Structures are given as structure tokens and as C-alpha cells.
Amino acid sequence: MKKILTLSLLMLVLLMMSASLISCGGGETITLNVYNWGEYISDGSEDSLNVNKEFEQYYYNTYGVKLKVNYTTYASNEDMYAKLKSGATSYDVVIPSDYMIERMIAEGMLAELNFSNIPNYEYIVDEFKNQYYDPDNRYSIPYTYGMVGVIYNTTMVDDADVGSWDLLWNEKYKGKILQFNNSRDAFGTSMYRLGIDVNTKDEAQWRTATETLKEQKPLVQSYVMDEIFNKMKGESGAIAPYYAGDFLSMYDANNNLAFFYPEEGTNVFVDAMCIPIDSRQKEIAECYINFMLSHDIAVANAEYICYASPHRLVIEDPEYIAYMESMHDDAMEILYPSYEVKSTYYQNLSPETLSLLNGLWEELKIESSGGEGVYVISGVIAGVLAVWFAYMFIRKKYRDNY
């Protein structure tokens with residue numbers, strides 16, 4: 001009887017020890033899938049704070065559960081949308097732009113947020129609440145915002161040529177001009193230049209914008225997204241339309257670069273944190289979003305990304321202001337201009353207009369490479385025919401001799 005009692009006590013102690021080990025991190029690791037733009041979070045490089053690692057540690061310290069942030073990136077809203085729409089992978093947090101959020105809400109792709117799990121939402125400036133893409137603030141929380149402008153190299157571009165979208169169509173800089181590799185922004189450059197509403201439903205106006213982009217294509221070195229960083233920093237490109245925040249990152253590596261907002265007008269955008277409808281870790285995703293809105297983390301991201309912040313504690317932080325001005329004397333004026341910049345939001349287009357846009361974009365891209373493709377294919381065919389005729393000639397000669 002004593003042996004049985006002793007054995008029972010031993011088993012109980014072992015079970016308690018096992019439970020203790022599990023609670024101390026011996027259990028299964030949870031994965032949180034986060035899908036974001038490239039170069040769009042403080043990741044530990046260049047002495048920055050590794051935000052995802054900080055969240056993993058925070059979550060373990062708070063809940064005693066191991067968590068892994070599986071962080072992947074995309075180059076455009078359209079790439080992100082296509083990946084989610086395919087259903088091939090489930091994500092827990094995504095950060096689309098305004099017009100894409102509007103589209104995803106309309107298509108039932110986003111989950112409503114439980115704001116009781118996101119108390120730091122109170123720090124978002126009122127100006128960025130109740131926006132057109134999410135009027136009831138049910139599906140998204142602003143992460144960053146900004147405007148598109150033109151980046152140029154002062155050693156390669158004449159001052160007299162800057163100030164307008166015309167710079168991207170200036171034949172003087174043929175082969176040194178870069179263009180967006182996403183349809184909405186690329187068409188935006190053409191439409192702002194022409195004075196066309198970027199949210200128009202008029203097919204004729206979209207076709208007019210397409211023709212202007214076709215006129216530009218012989219001048220374009222390449223269509224880029226994240227590749228722009230190396231091209232502009234390394235001076236293989238001289239002119240590129242891109243986001244204001246990214247200019248500051250590039251300027252930090254190459255002081256020959258400068259920036260302006262085109263006089264005809266430009267796009268203003270908000271990128272916001274959302275949770276896809278098929279998220280498997282919704283509460284943890286809300287915890288992650290709340291963490292991103294905490295003061296130190298929001299400042300770390302704002303300093304690393306260099307985009308404008310909709311977070312009150314960030315824009316009031318003297319250290320943040322000093323840091324940005326250390327990167328560029330006019331950094332705060334570029335991000336938060338004191339003067340009015342003529343700007344508009346992209347809005348979700350109707351299915352018919354989206355189909356038209358996608359078709360025109362494909363037409364442009366095919367024609368952009370079509371000429372070279374024809375020459376390459378023709379060369380290959382000619383080469384194959386030459387080899388075939390040579391083979392037949394040798395074969396005939398061999399037969400004649402034997």
C-alpha cells in the first residue's frame with residue numbers, strides 16, 4: 001500500500017513538473033502570418049529595433065506562449081490582393097492601401113476588428129478616422145500615409161526641368177527614367193499629367209492615358225517597385241516617381257537625390273492594418289496591431305520606414321522630429337508639408353473599369369517588350385533553320401559520297 005501511495009505521489013510530482021515545463025515554453029509554437037510591403041517595418045537592420053522579435057518576446061512574457069511571426073512581403077496592392085484572393089495561403093495581418101481596402105471590404109475579404117483588443121487606437125489622429133474607404137472604422141487601422149512625388153538625381157537632371165510630371169516624358173533623359181511597375185500608380189502619373197480624374201469611369205480617358213504611357217515607354221529604362229532603391233541609390237536611374245517616405249531612405253544613401261511634388265497634382269494614400277476574413281489567429285492579430293500602435297514601436301517603425309505617421313504620440317515626439325531632420329533638413333516639411341499639395345485618393349474602381357485597367361496595363365506591358373521579343377524569337381528561329389539546313393546539306397553530301 002505504501003509503495004502504491006509513493007508511486008502515486010511520484011507520478012503526481014512528475015505531472016506537475018511536466019505542466020510547469022509546458023507553461024515555461026515547452027508547448028507548441030503559434031504562428032502569426034503577417035503580409036506587408038517590402039522595406040516597411042523596423043526589422044533590426046542598421047541598428048534599428050526588430051519589431052517582430054519584440055512582439056514575439058512581448059507575447060511570451062505576457063501570455064507564457066511561444067509565438068513566431070512569419071513575415072513575408074509583397075511589391076504592390078495588386079500582388080497582395082491576387083495572393084489573398086487565390087486562397088493559397090492564410091494571413092492574419094495585411095497592410096493594404098486605401099482603395100484596395102475599400103475593394104476588399106466590398107468583396108467580404110476582411111474581418112471586423114474588435115477594438116476592445118486594440119486600446120491604442122486612441123492615438124490615431126482624428127483626421128485619419130472615418131475615411132472614405134472604411135467610413136465606420138470597422139475593418140482597418142492606419143499604419144502610415146504619404147504622397148507620391150518625383151525623385152531625381154541633381155547631378156543628372158537640370159533644375160529647369162523639374163516641377164512637373166513632364167519630367168518623366170522628357171526625351172533628354174531617355175534610358176534614365178524609371179516608372180512604377182503597378183497599374184494604378186503608373187496610370188496615375190499619366191492621368192495627373194493630363195488632368196484626368198484618376199477615378200474616372202470614362203473608357204476613352206483611360207485609353208488616352210494608355211497612349212501617353214505608350215509614348216513614354218521608349219524613354220523608360222525599366223518598370224520597378226522595390227528595385228528602385230538600388231537603381232536610384234546606385235545612380236543607374238536618374239528620375240523616378242515614388243513615395244515621399246522612400247525618398248528619405250534613398251537620400252540617406254545618396255545625397256545627390258532630390259524630391260518634388262508635381263504641380264499638376266498627385267496621389268495621397270493611407271496604408272492600414274487589416275485582418276483577412278480567413279485569419280486563423282484573429283485575437284493574436286489584434287494584439288499585434290495594438291502592439292504596433294504602442295509608443296516605442298510606432299516611433300521605431302516611423303523612423304525606419306520614413307513615411308508620415310498618423311500616430312499622435314509619434315508626431316509629437318521631439319526625438320522622432322530630431323531624427324528625421326538629421327536625415328534631411330526638409331524631412332518634416334516633405335512628410336508633413338505646411339503648404340497645400342494638390343492631391344487625391346485612389347478609390348475602388350467598378351469591376352468593369354478594373355477589367356479595362358488590367359487589360360490596358362497588359363497591353364502596355366506586352367508592347368513594352370514586344371519589339372525586343374520579336375527580334376529574339378526571330379533570331380532563334382533563324383538559328384534553328386540554319387542548323388537544320390546545314391545538317392541536311394551534310395547528310396546529303398554524305399549519302400552522295402557513299
Side-chain angles (χ1 to χ4, degrees), residues 32-37 40-41 51 55 59 69 71 74 76-87 89-146 184 199 267-295 297-298 301-302 305 307-315 343-351 353-354:
L32 185 75
N33 293 311
V34 177
Y35 201 27
N36 196 3
W37 297 83
Y40 218 42
I41 195 170
V51 166
F55 179 71
Y59 197 83
V69 176
Y71 186 86
Y74 51 86
S76 71
N77 281 296
E78 288 68 27
D79 289 348
M80 179 276 306
Y81 171 84
K83 188 72 172 289
L84 265 67
K85 199 69 174 177
S86 73
T89 308
S90 173
Y91 293 99
D92 301 301
V93 178
V94 294
I95 307 180
S97 300
D98 37 55
Y99 73 93
M100 187 57 71
I101 293 171
E102 185 184 21
R103 180 179 181 181
M104 293 170 77
I105 290 173
E107 296 182 15
M109 295 175 66
L110 298 179
E112 289 195 34
L113 302 175
N114 180 356
F115 282 84
S116 63
N117 292 331
I118 314 173
N120 288 336
Y121 178 65
E122 66 173 304
Y123 299 127
I124 296 297
V125 178
D126 287 343
E127 177 187 348
F128 295 96
K129 297 177 181 178
N130 306 107
Q131 286 285 344
Y132 81 92
Y133 58 88
D134 187 8
D136 299 319
N137 301 308
R138 293 162 59 190
Y139 300 93
S140 64
I141 294 181
Y143 179 59
T144 62
Y145 74 98
R184 202 70 196 269
N199 300 307
N267 169 240
V268 58
F269 61 88
V270 175
D271 292 336
M273 296 177 282
C274 305
I275 299 177
I277 194 69
D278 61 353
S279 167
R280 298 171 185 170
Q281 306 292 351
K282 184 173 183 290
E283 289 191 9
I284 300 177
E286 289 166 342
C287 181
Y288 180 86
I289 291 173
N290 191 61
F291 183 78
M292 296 283 272
L293 295 175
S294 59
H295 175 254
I297 300 302
N301 279 328
I305 300 169
Y307 277 50
S309 175
H311 196 293
R312 176 168 53 82
L313 299 185
V314 173
I315 57 182
S343 60
T344 54
Y345 285 98
Y346 294 144
Q347 295 182 7
N348 184 33
L349 302 173
S350 68
T353 305
L354 275 173

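The structure displayed is predicted, hence computed values, not measured ones.
- Using a 4.5 Å heavy-atom cutoff, the side chains of K282 and N117 are not in contact.
- Using a 4.5 Å cut-off on side-chain heavy atoms (C-beta onward), N348 and L354 make contact.
- Expressed to the nearest 0.5 Å, how far CD1 of I289 lies from OH of Y143 amounts to 11.5 Å.
- With sequence neighbours left out, the ring pair (Phe, Tyr, Trp, His ring centres under 6.0 Å) criterion links Y139 to no other residue.
- Looking at N36 and D271, their side chains never come closer than 4.5 Å, going by heavy atoms from C-beta outward.
- Of all heavy-atom pairs between V51 and F291, the closest is O-CE2, 3.8 Å.
- Atom CD1 of I105 sits about 6.0 Å away from atom CG of L110, to the nearest 0.5 Å.
- Side-chain atoms of S86 come within 3.5 Å of backbone N or O of K83 as a donor-acceptor pair.
- Here the straight-line distance linking atom CG of L32 with atom SG of C287 works out to 9.0 Å at 0.5 Å rounding.
- Closest non-hydrogen pair, V270 versus P142, comes out as CG1-CB, 4.0 Å.
- The aromatic ring centres of Y307 and Y40 sit less than 6.0 Å apart.
- Residues forming a ring pair (Phe, Tyr, Trp, His ring centres under 6.0 Å) with Y35 (at least two apart in sequence, or on another chain): Y74, Y91.
- With hydrogens and angles ignored, the 3.5 Å screen pairs no side-chain donor or acceptor of H311 with any backbone N or O of H295.
- The CG atom of N130 sits 4.5 Å away from atom CG of N137, with the distance rounded to the nearest 0.5 Å.
- Side-chain contact between L84 and V94 is present, with at least one heavy-atom pair separated by less than 4.5 Å.
- Within the model, atoms CZ of F115 and CD1 of I141 stand 4.5 Å from one another, a figure rounded to the nearest 0.5 Å.
- Among residue pairs with one or both ends in residues 98-114, those qualifying as salt bridge (Lys or Arg N to Asp or Glu O under 4.0 Å) are K85-E107, R103-E107, E112-R138; sequence neighbours excluded.
- What you find for D92 and Q281 is that their closest heavy atoms are OD1-N, 3.2 Å.
- Contact between E122 and K129 at its shortest, heavy atoms only, is O-NZ, 4.4 Å.
- The OH atom of Y121 sits 13.5 Å away from atom CD of E286, with the distance rounded to the nearest 0.5 Å.
- Every residue two or more places apart in sequence or in another chain that forms a side-chain contact (heavy atoms from CB on, under 4.5 Å) with S116 is listed here: N114.
- The two residues I41 and M292 have their closest heavy-atom pair at CD1-CE, 3.9 Å.
- Of the possible polar contacts, one joining the N199 side chain to the Q347 backbone as a donor-acceptor pair under 3.5 Å is found.
- For Y71, there are no ring pair (Phe, Tyr, Trp, His ring centres under 6.0 Å) partners at least two apart in sequence or on another chain.
- Two residues are said to be in side-chain contact when any heavy atoms from C-beta on lie closer than 4.5 Å; V314 and Y123 fail this criterion.
- Under the 4.5 Å side-chain criterion, counting only non-hydrogen atoms from C-beta, W37 is in contact with S97.
- Considering every non-hydrogen atom in both N33 and S90, the closest pair reads ND2-O, 3.2 Å.
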Residue pair I275, L113: steps toward the side-chain contact (heavy atoms from CB on, under 4.5 Å) verdict: CA-CA 8 Å; I275 299 177; L113 302 175; 3.6 Å; yes

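- Taking 4.5 Å as the limit, some side-chain heavy atom of P96 sits within range of a side-chain heavy atom of M104.
- Checked against side chain to side chain donor-acceptor pair (under 3.5 Å), Y133 has no partners two or more places apart in sequence or in another chain.
- Looking at Y145, Y132, F269 one by one, the single match for ring pair (Phe, Tyr, Trp, His ring centres under 6.0 Å) with Y345 turns out to be Y132.
- Between V125 and I315 the shortest side-chain heavy-atom distance falls below 4.5 Å.
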CA sep, side-chain torsions, deciding dist, call: M273, Y288, side-chain contact (heavy atoms from CB on, under 4.5 Å): CA-CA 10 Å; M273 296 177 282; Y288 180 86; 5.6 Å; no

